[in-house]
Amino acid sequence: MIRPAVFLRIAAFALLVTFITAPHVFAFAFEPFTENGAPAIYDQGSLLSLTIAHLQTVFGAVSASTVVAVLLGIFVTRPSGLEFLPLSRSIVNIGQTFPPVAVLAVAVPLVGFGQAPTLIALFLYGLLPIFENTISGLTQVPPLVLDAAKGMGMTPRQRLLNVELPLAMPVILAGIRLSAIISLGTATIGSTVAAKGLGEVIIAGLQSNNVAFILQGGLVVAVLAILLHDGLMALERTIAARLG
Amino acid sequence: MIEIQNLSKRYDDTIVVDDVSMRMEEGSITVIVGTSGAGKSTLLRMINRLVEPSSGRVLIDGQDTMAVPEDELRHRIGYVIQGNGLFPHRTVAGNIATVPRLLGWEAKRIGQRVDELLQLFQLDPAEFAGKYPHELSGGQQQRVGVARALAARPALLLMDEPFGALDPVIRSKAQDDLLAIQRRLGTTVVLVTHDMEEAFRLGDKIAVMDEARLVQYGTAAELLTHPAEGFVERLVGTAERPFRLLSLTRVRDVVEPGTADGEPLDASIDLREALARMVWVGRDALPVLDSSGAMLGRVSIGGILAHGRQAP
Ligand SMILES: Nc1ncnc2c1ncn2[C@@H]1O[C@H](COP(=O)(O)OP(=O)(O)OP(=O)(O)O)[C@@H](O)[C@H]1O
Ligand SMILES: [Mg+2]
């Protein structure tokens with residue numbers, strides 16, 4: 001038997017896929033939001049390719065944030081890197097306090113329009129949650145377990161790979177999830193600097209005063225965010241369940 | 001054999017282990033006792049170099065531990081800590097396999113070794129191999145912790161309050177199991193505890209530490225009959241001393257010829273328990289049977305008390 005919650009997610013996913021591959025099927029639902037015979041369904045490009053581009057941007061930025069933040073988190077929790085902990089914390093915090101729009105404004109003159117400034121903004125914005133969670137995950141590993149690992153003759157590297165990272169994984173994953181969800185929403189502003197993504201649909205709606213477009217862009221991003229959140233959450237739970 | 005020579009550990013200005021020298025015989029159990037903060041754990045952890053000595057040295061079978069890379073040294077020395085420190089993300093089998101894996105044993109050999117150890121510790125491999133530590137009881141976790149430490153057949157086993165977290169009944173069982181397994185494998189064991197009962201029960205030799213110093217090192221009987229200083233005397237408990245002494249001797253060693261009425265005693269129980277049974281059933285003497293059920297003779301309250309008086 002399928003539980004209602006699972007059923008709801010499968011239904012949401014099916015609806016999403018149908019909508020981005022064949023949006024015209026849903027024209028009737030968006031007609032009430034149009035005025036003066038404006039198109040009910042976004043007609044300036046394929047929703048499917050925009051969704052894919054959007055996800056690619058998010059995936060690229062979050063992957064980069066993950067690699068950098070996790071490596072940095074590992075470094076500052078080693079005995080040799082401990083003194084850099086406060087410094088790196090403030091740097092990463094600054095990355096978070098800059099509004100992404102401001103980052104875009106600064107980045108465009110440097111790297112030009114398109115995907116690049118968006119990636120930079122999302123990358124910087126995504127660092128903090130992953131970095132903080134990596135640190136808290138690694139420092140939460142029970143000292144007793146580490147002592148046992150050391151006492152059995154594991155080298156620092158073996159301890160990191162075989163004990164610390166696996167035990168910190170659920171917390172690190174929670175950071176990545178947070179980052180991914182923030183990026184998914186924030187990526188829409190990338191369209192203001194000509195990055196391909198679902199923001200285009202929303203901006204087209206704003207420019208032509210077409211509420212139907214705005215709703216479509218917004219809804220697709222929202223459903224993506226919910227599904228991504230649930231998927232990563234399930235993954236965290238599976239891993240955490242093993243740790244008891 | 002382990003030889004500790006003038007071993008000291010200093011943190012800044014405080015000395016936590018002060019010039020300790022002692023020798024632990026091959027295949028024996030040495031128990032280190034003392035009050036909290038006396039430096040027991042530090043002394044133990046200097047043997048596998050989890051703590052680097054400030055001065056002095058440790059020789060294992062004549063070899064200076066400083067001459068071996070620390071990871072290699074630790075692969076050869078089993079290590080068990082209070083609360084066992086099992087890896088929560090690994091199954092029982094995975095935990096036990098830790099050191100063999102580090103040593104690069106092949107999978108089949110590791111599998112066999114894991115099964116063998118689980119059986120040795122009375123844990124059915126089919127049931128327990130795939131469980132995670134949080135699915136086990138405290139006593140089972142503790143057994144897995146010891147099994148893990150023994151996996152690569154170390155000649156030396158270091159245990160830091162291994163039974164500290166167990167309730168009295170399970171603890172007593174765990175102590176019996178350790179004794180049985182140690183006698184069978186011939187492993188040299190160094191065990192830290194602050195439980196004097198445990199020290200008397202397990203230790204072939206007992207080392208008493210107080211304020212960083214080794215104040216006495218000898219057999220249980222030596223500690224009871226000739227305590228080196230007031231501290232040792234207080235530690236072994238003045239009031240309990242005669243009873244402790246009694247519990248070091250088995251009934252089989254004081255059997256008298258003759259018979260007696262009443263429920264027979266097993267020859268392997270200690271005099272303290274035998275005395276308690278006689279007082280409980282209200283008899284001056286009870287018959288004694290050996291483990292096969294053959295009558296050995298009798299034991300009397302008078303005989304037991306006579307034994308408690310004489311210095312061994
Ligand atoms: N890394 C350290 N830095 C400074 N002092 C330490 C360190 N490790 C231990 N000490 C001190 O050394 C002393 C002895 O510690 P140790 O852990 O050896 O005691 P112990 O006899 O095992 O006590 P317990 O029975 O409470 O476990 C204590 O006073 C402790 O505070
Ligand atoms: Mg201790």
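So that the names make sense, note that chain A is the first sequence line, chain B the second, and so on, each numbered from 1. Just so you know, these numbers use all the heavy atoms, side chains as well, and skip hydrogens, waters and symmetry mates.
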**Neighbour count >12 (heavy atoms, 6.0 Å) for atom CZ, A:Phe75** = yes
**Message:** Please classify the contact of A:Met154 with chain B as side chain, backbone, both or neither, using a heavy-atom distance under 4.5 Å.
**Reply:** both
**Prompt:** Which residues in residues 60-82 of chain B have any heavy atom lying under 4.5 Å from a heavy atom of chain A?
**Reply:** B:Asp71, B:Arg74, B:His75, B:Ile77, B:Tyr79, B:Ile81, B:Gln82
**Message:** Restricting to non-hydrogen atoms, name the atom on A:Val145 and the atom on B:Leu86 that form the minimum distance, rounded to 0.1 Å.
**Reply:** CG2-O, 3.6 Å
**Fill in**
On a heavy-atom basis, the closest approach of A:Leu167 and B:Pro88 is CD2-CG, 3.6 Å
**Asked** Can you list the steps and then say if A:Asn162 with B:Arg90 is a side-chain contact (heavy atoms from CB on, under 4.5 Å)?
**Response** CA-CA 10 Å; A:Asn162 299 337; B:Arg90 293 220 180 133; 3.3 Å; yes
**Message:** If you count heavy-atom pairs within less than 4.5 Å of chain A, which of B:Asn48, B:Val99, B:Leu50 leads?
**Reply:** B:Leu50
**Asked** Which region of B:Arg49, side chain (C-beta onward) or backbone (N, CA, C, O), has a non-hydrogen atom less than 4.5 Å from a non-hydrogen atom of chain A, or is it both or neither?
**Response** neither
**Asked** Which region of B:Leu103, side chain (C-beta onward) or backbone (N, CA, C, O), has a non-hydrogen atom less than 4.5 Å from a non-hydrogen atom of chain A, or is it both or neither?
**Response** neither
**Request:** Would you name the heavy atoms of B:Gly85 and A:Ala148 that are closest together and state the gap between them?
**Result:** O-CB, 3.5 Å
**Asked** Considering only heavy atoms from C-beta outward, does the side chain of A:Met152 approach that of B:Arg148 to under 4.5 Å?
**Response** yes
